[in-house]
Amino acid sequence: MNTWIAIGVTALGCYAVKLAGLLVPAQAVERPYVRRFAALLPVALLAALTAQQTFADGHALALDARAAGLGAAAVALVLRAPFLLVVAAAVVVTAGVRAVGG
């Protein structure tokens with residue numbers, strides 16, 4: 001039963017956050033600082049999530065096949081490859097490094 005309580009509280013919390021966002025006055029959202037912050041926040045959060053998922057192993061830092069895959073994706077991005085090719089390069093390099101034993 002505790003799981004359903006957690007699900008209900010989470011659903012209500014998500015609804016409350018959505019409602020709070022809708023209640024913000026338009027003039028507050030239209031400020032240049034707020035617009036710039038809102039544009040850059042998703043990029044920063046995605047970068048932090050990528051770094052945490054790539055270099056963390058529990059409570060320690062790890063440098064393994066995931067880092068090699070991220071490096072391959074970065075190279076593909078610098079070369080302006082299409083998104084699917086970037087993902088494919090990361091997958092192939094990560095799998096190759098793991099297969100070799102890295």
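Remember, it's a predicted structure, so these values are computed and weren't measured experimentally.
Distance alone, capped at 3.5 Å, places no donor-acceptor pair between the R98 side chain and the V93 backbone.
Identified under the salt bridge (charged side-chain N to carboxylate O under 4.0 Å, His left out) test for residues 67-77, with sequence neighbours left out: none.
Remark: E30 engages R35 in a side chain to side chain donor-acceptor pair (under 3.5 Å) (not counting sequence neighbours). For A67, the side-chain contact (heavy atoms from CB on, under 4.5 Å) partners two or more places apart in sequence, or in a different chain, are T54, F55, L63.
For the atom pair L77 CG and L85 CG, the distance stands at 10.0 Å (nearest 0.5 Å). L40 contributes atom CG, which lies 11.0 Å from atom CG of L45 (distance to the nearest 0.5 angstrom).
The shortest non-hydrogen separation linking A72 to A89 is CB-O, 4.0 Å. The nearest pair of heavy atoms linking V86 to A76 is CG2-CB, 3.8 Å. In this structure, A6 and T10 approach most closely via the heavy-atom pair O-OG1, 2.8 Å.
Shown here is L61, whose CG atom has no more than 12 heavy atoms of other residues, nucleotides or ligands within 6.0 Å.
Among T50, T94, V75, the single residue meeting the side-chain contact (heavy atoms from CB on, under 4.5 Å) criterion with L70 is T50.
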